[in-house]
Amino acid sequence: MSTQGLPMKVPAPGLPARVRIHEVGARDGLQNEKQAVPTEVKAEFIRRLAVAGLTTIEATSFVHPEWVPQLADAEALFPLLGDIADVGDVSLPVLVPNERGLERALALGVRSIAVFGSATETFAARNLNRTVDESLAMFERVVARAKADKLRVRGYLSMCFGDPWEGAVPVAQVVRVAKALMDLGCDELSLGDTIGVATPGHVTALLTALNEAGVATPVIGVHFHDTYGQALSNTLAALQHGVSTVDASAGGLGGCPYAKSATGNLATEDLVWMLEGLGIETGVDLAELTATSVWLAEHLGRPSPSRTVRALTPPPSSSPTRSE
């Protein structure tokens, strides 16, 4: 298909001039694959994402290999990414579940980490084998040590809009845990719609409540799953509130191994297409990014679920049949 001049840039009032995309495909995306992706392919994937202009690329997770075997190669992967610095000012944050995970990350020179909490008790028990408050106590030690080593710390909060076991999650409950997580010293908060049930009004209500509790919009990022096709509309609601950090996954990869109803993340290409149409800068080359997702899809043996990738990728040509 021809896309000359598309999407046409038509800015809307009240939106950020620039959005920083927090790319999670290499971690949140690949951790949900049934088969582990070879370490060299992961490294090449991250390099290609950097070439496409993404400056925050979550590289891997230092969890115990029994929990997420797809990311058991963290120690082998991270040393392969030293050349990323040659691409530009690229940050490679990693997920750490506890102090042991932080120690492993520090040993490799990691400079940016994320901890992963839950707004609900059931998911905290299933994902962290702790209560919400016990997990916060564990993160307190992790964050304190990370900040002492001058690391940047992101706090993920999952199940912010709904939980497959507990149902609707009250806004006040989310605010309590989010505020506690930020009070530990996190630099940024990522609000996770882990099972993709959020709607725009709910997004606005939660952001407003967080502001009222003292969590400022500039430190908030949003992480939407597209289970019910609401990820882009929810993102737009967040942008209208002033949020300028959006999580996305190249090609729409990912889900959550601990919440089976969670489907793929918001596709980075779909996000970039919308942002470009709104005249919002991202620094991302959409053609380069699409080519990267097509390349990875070939390694995974299936097409990308991203609508933008599919629209921009010509179908495989077939040889014409000659009539005799």
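Heavy atoms only: backbone and side chains are in, while hydrogens, waters and symmetry mates are out.
Residue Asp89 qualifies as open at atom CG: its count of foreign heavy atoms under 6.0 Å is 12 or below.
Separating the CG atom in Leu128 from the CD atom in Glu134 is a distance of 10.5 Å, to the nearest 0.5 Å. Here the straight-line distance linking atom CG of Leu289 with atom CG of Leu49 works out to 6.5 Å at 0.5 Å rounding. For the atom pair CG (Leu95) and CZ (Arg27), the distance works out to 5.0 Å, reported to the nearest 0.5 Å. Distance CG/Leu106 to CG/Asp149: 5.0 Å, rounded to 0.5 Å. If you take OG1 on Thr292 and CZ on Phe45, they are separated by 7.5 Å, rounding to the nearest 0.5 Å. Separating the CG atom in Leu232 from the CZ atom in Arg307 is a distance of 8.5 Å, to the nearest 0.5 Å.
Residues in residues 200-212 take part in no salt bridge (charged side-chain N to carboxylate O under 4.0 Å, His left out) pair, two or more places apart or across chains. Residue pairs meeting the side chain to side chain donor-acceptor pair (under 3.5 Å) criterion with at least one member in residues 173-187, sequence neighbours excluded: Asp133-Arg176, Lys147-Asp187, Lys179-Asp183.
Heavy-atom minimum distance, Thr204 versus Ala237: OG1-CB, 4.1 Å.
Between Tyr156 and His22, the ring planes are perpendicular. Angles over 60° get that label, and only those under 30° would be called parallel.
Using modelled atom types, one side-chain atom of Asn234 and one backbone atom of Ala198 make a donor-acceptor pair closer than 3.5 Å. For Glu288 (side chain) and Gly53 (main-chain N/O), no donor-acceptor pair under 3.5 Å exists by modelled atom type. Judged by distance alone, with hydrogens and angles left aside, the side-chain atoms of Ser304 form a donor-acceptor pair with the main-chain N or O of Gly251 at under 3.5 Å. Of the possible donor and acceptor atoms, one in the side chain of Gln230 sits under 3.5 Å from a partner among the backbone N and O of Tyr228. Remark: side-chain polar atoms of Thr194 are paired, donor with acceptor, to backbone N or O of Met159 under 3.5 angstrom.
Side chains of Asp193 and His202: no donor on one and acceptor on the other come within 3.5 Å. Looking only at atom types and distance, the side chain of Thr217 has a donor-acceptor partner in the side chain of Asn211 under 3.5 Å away. Inspection of the Glu269 and Ser293 side chains reveals an N or O donor paired with an N or O acceptor under 3.5 Å.
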TODO: Assess whether side chain to side chain contact (heavy atoms under 4.5 Å, CB included) is satisfied between Leu253 and Asn32, documenting all intermediate values.
DONE: CA-CA 8 Å; Leu253 293 171; Asn32 206 49; over 6 Å; no
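The residues Asp247 and Arg154 are annotated as salt-bridged, a charged nitrogen and a carboxylate oxygen being separated by less than 4.0 angstrom. At a threshold of 4.0 Å, the pair Glu188-Arg20 counts as salt-bridged, since one of the basic side-chain nitrogens sits closer than that to a carboxylate oxygen.
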